[in-house]
Peer 1: 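Here it is, the structure in full.
This one's a predicted model, so the numbers in the text were calculated from it and none came from an experiment.
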Amino acid sequence: MRVTRIEELTKSRSRVYIDEEFAFVLYKGELRSYRIVVGEELAPEDYETIMGQVLPKRAKLRAMNLLKSREYTTKQLHDKLKDGGYPERIISEALAYVESFHYTDDLRYAVAYISGHESTRSRRRIELDLLNKGIDQDTLDRAWQEWEEQGGTQDEQVMIRELLKKRGYDPETADRKEIQRQGAFLMRRGFSGESVRKALFSRGGFEDY
């Protein structure tokens, strides 16, 4: 295993390439400790120590520290560790570690996300958000089921009218520009065109709010 390149990331950290492929990120002191120099061979036992002890411990601590401040989906946490320069093998080990303690739980995350946005975003928008966060369709379906079992419900017309009321929309006085502006806002929230048109052009229903 020949060290073919070392790229400085910060004053303290560098990316190491072995045999022309990215291997890992290490601190400058570790480069010295393991005698990692461009053009030199990296001893197999040092490589195993780095991959088997140094990086797994660091990745697990990084994952734990990230989860202290907020909850992440598995994909979000994976991407954070990837951005930190950890190899896939190390990331998988760190993810398995935090999952074993239930520090990550995509189903729990999805149910909480649905509950937190049930009154302001359509089902379609919530699903798109969660899919983009790495929640798979099966977990998403189970999350909706669990949310409903907990008493969760949505009425898009009620939601839309409440949002429009908060935004000061009056269907009696709104001109074409205002209707287009509010319609664009509601479409971004994921509401269907039919639901949006029904609410925007309704001359009744708002008095109850």
Peer 1: Quick one: sort the Trp144 and Trp147 rings into parallel, tilted or perpendicular, breaks at 30° and 60°.
Peer 2: perpendicular
Peer 1: Who passes side-chain contact (heavy atoms from CB on, under 4.5 Å) against Glu88, sequence neighbours left out?
Peer 2: His78, Lys82, Ile91
Peer 1: What pairs of residues pass the side chain to side chain donor-acceptor pair (under 3.5 Å) test when at least one of them lies in residues 187-196, not counting sequence neighbours?
Peer 2: Glu156-Ser195, Ser192-Ser195
Peer 1: Go through the structure and list residues passing salt bridge (charged side-chain N to carboxylate O under 4.0 Å, His left out) with Asp129, not counting sequence neighbours.
Peer 2: Arg121, Arg125
Peer 1: Could you pull out all residues at least two apart from Asp170 that satisfy side-chain contact (heavy atoms from CB on, under 4.5 Å)?
Peer 2: Glu172, Thr173
Peer 1: Give me each pair satisfying salt bridge (charged side-chain N to carboxylate O under 4.0 Å, His left out) with a member in residues 107-118, each pair once, sequence neighbours excluded.
Peer 2: Glu71-Arg108
Peer 1: Under 4.5 Å between any side-chain heavy atoms of Ile36 and Ile50, yes or no?
Peer 2: yes
Peer 1: Which residues satisfy the side-chain contact (heavy atoms from CB on, under 4.5 Å) test with Gln76, sequence neighbours excluded?
Peer 2: Arg70, Tyr72, Thr73, Tyr109, Lys133
Peer 1: Taking salt bridge (charged side-chain N to carboxylate O under 4.0 Å, His left out) as the test, write out the residues that go with Arg62, two or more places apart.
Peer 2: none
Peer 1: Is Arg124 paired with Glu127 through a side-chain N to carboxylate O contact shorter than 4.0 Å?
Peer 2: no
Peer 1: Report yes if the side chains of Met51 and Ile90 come closer than 4.5 Å at any heavy-atom pair, otherwise no.
Peer 2: yes
Peer 1: Could you work out, with salt bridge (charged side-chain N to carboxylate O under 4.0 Å, His left out) as the rule, every residue matching Arg35, not counting sequence neighbours?
Peer 2: Asp46
Peer 1: Side-chain contact test, heavy atoms from C-beta onward, threshold under 4.5 Å: evaluate it for Phe191 versus Leu163 and give yes or no.
Peer 2: yes
Peer 1: Rounded to the nearest 0.5 Å, what separates atom CG in Asp106 from atom OG1 in Thr74?
Peer 2: 3.5 Å
Peer 1: Do any N or O atoms from the side chain of Ser100 and from the backbone of Tyr97 form a donor-acceptor pair under 3.5 angstrom?
Peer 2: yes
Peer 1: Could you tell me if the side chain of Leu130 sits less than 4.5 Å from the side chain of Thr139, heavy atoms only?
Peer 2: no
Peer 1: Can you list the residues that meet the salt bridge (charged side-chain N to carboxylate O under 4.0 Å, His left out) rule with Glu41, with sequence neighbours excluded?
Peer 2: Arg2
Peer 1: Which of parallel (below 30°), tilted (30 to 60°) and perpendicular (above 60°) describes Tyr47 and Phe24?
Peer 2: tilted
Peer 1: Give every residue pair that meets the salt bridge (charged side-chain N to carboxylate O under 4.0 Å, His left out) criterion with at least one member in residues 9-26, sequence neighbours excluded.
Peer 2: Glu7-Arg15
Peer 1: Once ring-ring contact (aromatic ring centres under 6.0 Å, His included) is applied, do any residues pair with Tyr113, and if so which ones, sequence neighbours excluded?
Peer 2: His117
Peer 1: Under the rule for side-chain contact (heavy atoms from CB on, under 4.5 Å), what residues qualify as partners of Arg176, not counting sequence neighbours?
Peer 2: Gln180
Peer 1: Tell me, with the steps shown, if Gln154 and Arg123 meet side chain to side chain donor-acceptor pair (under 3.5 Å).
Peer 2: CA-CA 8 Å; Gln154 276 190 324; Arg123 179 171 180 139; over 6 Å; no
